[in-house]
Chemist: 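To start, I am sharing the structure in question, which I have written as structure tokens.
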Number of protein chains: 2
Amino acid sequence: MARSTAQRVADTLRTRIEGGGLPPGTQLSEEALGRDLGVSRNTLREAFRLLIHESLVVHVLNRGVFVRVLEPADVTDIYRVRAALETAGVRAAADAARPLRDAVARAVAEGERAAAGEDWREVGSADLRFHRALAALAGSARIDTAMDRLLAELRLAFHAMPSPRRFHEPFLARNRTLAALLDDGAYDRAEAELTTYLDDARTLILDVMRETSR
Amino acid sequence: MARSTAQRVADTLRTRIEGGGLPPGTQLSEEALGRDLGVSRNTLREAFRLLIHESLVVHVLNRGVFVRVLEPADVTDIYRVRAALETAGVRAAADAARPLRDAVARAVAEGERAAAGEDWREVGSADLRFHRALAALAGSARIDTAMDRLLAELRLAFHAMPSPRRFHEPFLARNRTLAALLDDGAYDRAEAELTTYLDDARTLILDVMRETSR
DNA sequence: GCTAAGATATTGTTCAACAATCCTCAAGAG
DNA sequence: CTCTTGAGGATTGTTGAACAATATCTTAGC
């Protein structure tokens, strides 16, 4: 058993949350879930702590844990951090190891291939990999895990997106542009492009959130 | 019940770790510590989780928890993240709210006052507040908590510093310089200064770590 | 309709027992 | 002598239960 029981339970819950089986705002009852998953309350609470640490769920004292509801303010905040981390990656691109740079190009190609096959869900995944690869150029393990956590949080918002195609398609070309700028060593222009890119994406998400909340 | 037993136990352990009673690398045995502190293993494990979250200790599956050992690679990594976050703050300084900018100036002044009183421990604290204030200019709650965790990790390294004065004194003037550049709106120069600043600090810490490990 | 007291359900905390895993160390093969 | 192998002991992982504290729901009274 490579992973502890609590970790496996956390994995299960994470999958359910990201898959929409447990929509934002749902309370995770200790007794019901424990019976369902066949683990003790104690272990379940341990799993909760892992998810709390990933901020996929929130804990309210004496009330229990609930699937995180992403507010517009959260989206704004997350994009500020993303800007900081991905910018750091772009700026370090010149000194980045070969495999790290390759990962960027690969994510772009995979996104385009998925778009050709009309698999918009995969296009979204490739887009996340692209941005993770950008941040990874900084060569910092802590930045990598931070990006993973941020993108996991954002997935909570993506889940409410009505049309994945409308959201992801426009960014395919921009991803390629950005990758090309990095390849050409035009780091300043890449950075500028990244900044407006993230601003546009944030605005788009916030617009959709406002729409669907009505 | 204001503080739970687990929180009190965590406080005790935190004091012992920071006081040097539990040096880095020490295993925190559940049974021995539980007997020593008069709490059950389960409660002790709850306390461990709090310390793990502060990254003061690390947990290895089926092996237990150990007082965190900061490797040179960790210091390098932490400084990469700091550079990303503090740079983001400096770049957002122009749009930052008044109280955020004031916090930067205040931390500089407090550091100088502490230096005048030869209180080098307080100089170190003020320095941390200065850098936290820099990152806070970005106006992101997530960046704030990330900085807090990074600085808590770094404290483990500071603890091994033989002469706090030698380490902190040179940076007093540079803090003031940086704050002045921000006040003058010279954000590009501030950013450049910050980059070399962090490089120098990292180099200094790594040198001391190499010395003391021999 | 509103308030307050009580009942019920849920979470918070602690404990002790059992299961699973890792580490040590000695015995044996090569 | 070195390496593998496998018991045995020590330590952590997990569980279920009991009790305490808190929140929510119900009901009686005004």
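Naming: A, B, ... by sequence-line order, numbering from 1 per chain.
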Chemist: Mind jotting down which residue pairs meet the ring pair (Phe, Tyr, Trp, His ring centres under 6.0 Å) criterion with at least one end in residues 8-54 of chain A? Sequence neighbours excluded, please.
Modeler: A/His53-B/His53

Chemist: Rounded to the nearest angstrom, tell me the gap between atom CD in B/Gln27 and atom P in D/dA10.
Modeler: 15 Å

Chemist: Counting only non-hydrogen atoms, which of residues 44-58 of chain A are less than 4.0 Å from DNA chain C?
Modeler: A/Arg45

Chemist: Rounded to the nearest 0.5 Å, how far apart are CG of B/Leu51 and CG of B/Leu28?
Modeler: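 It is 8.0 Å, given to the nearest 0.5 Å.
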
Chemist: Is any side-chain N of the basic residue among B/Arg142 and A/Asp74 closer than 4.0 Å to the acidic one's carboxylate O?
Modeler: yes

Chemist: Between the protein and nucleotides 15-19 of chain C, list every N/O to N/O distance that falls short of 3.5 Å.
Modeler:
residue	atom	partner	partner atom	Å
C/dC15	OP2	B/Ser40	N	2.7
C/dC15	OP2	B/Ser40	OG	3.0
C/dC15	N4	B/Asn42	ND2	2.4
C/dA16	N6	B/Asn42	ND2	3.1

Chemist: Would you say the side chains of B/Asp199 and B/Tyr79 form a donor-acceptor pair under 3.5 Å?
Modeler: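 Note: B/Asp199 and B/Tyr79 side chains miss the donor-acceptor criterion.
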
Chemist: Any side-chain N or O of A/Thr5 less than 4.0 Å from the OP1 or OP2 oxygen of D/dT14?
Modeler: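 Answer is yes, contact under 4.0 Å.
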
Chemist: In this structure, how many angstroms lie between the C1' atom of D/dT11 and the CZ atom of B/Arg35, rounded?
Modeler: 13 Å

Chemist: Whole-Å distance between D/dT11 P and B/Leu33 CG?
Modeler: 12 Å

Chemist: Measure from NE2 on B/His59 to C1' on D/dT11 and round the result to the nearest Å.
Modeler: 11 Å

Chemist: To the nearest Å, how far apart are A/Asn62 CG and D/dC25 P?
Modeler: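 In whole Å, D/dC25 P lies 15 Å from A/Asn62 CG.
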
Chemist: Using 4.0 Å as the upper bound for N to carboxylate O, is an ion pair formed by B/Arg91 and B/Glu191?
Modeler: yes

Chemist: Nearest whole angstrom, please: distance from the C1' of D/dT24 to the CG of A/Leu61.
Modeler: 15 Å

Chemist: Rounded to the nearest Å, what distance is computed from the CD atom of residue B/Glu31 to the C1' atom of nucleotide D/dG9?
Modeler: 13 Å

Chemist: Counting only side-chain N and O atoms of B/Gln7, is one of them less than 4.0 Å from OP1 or OP2 of C/dT13?
Modeler: no

Chemist: Would you say the side-chain atoms of A/Thr87 pair up with the backbone N or O of A/Ala84, donor to acceptor, closer than 3.5 Å?
Modeler: no

Chemist: With rounding to the nearest 0.5 angstrom, report the CG to CD distance, A/Leu44 to A/Glu31.
Modeler: 11.0 Å

Chemist: Side chains of A/Thr12 and A/Thr15: is there a donor and an acceptor less than 3.5 Å apart?
Modeler: no

Chemist: Between B/Arg63 and C/dC23, is there a contact of a side-chain N or O with OP1 or OP2 at under 4.0 Å?
Modeler: yes

Chemist: Answer yes or no: does atom CD of A/Glu169 have more than 12 heavy-atom neighbours from other residues, nucleotides or ligands under 6.0 Å?
Modeler: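 Enclosed: over 12 neighbouring heavy atoms sit under 6.0 Å from CD of A/Glu169.
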
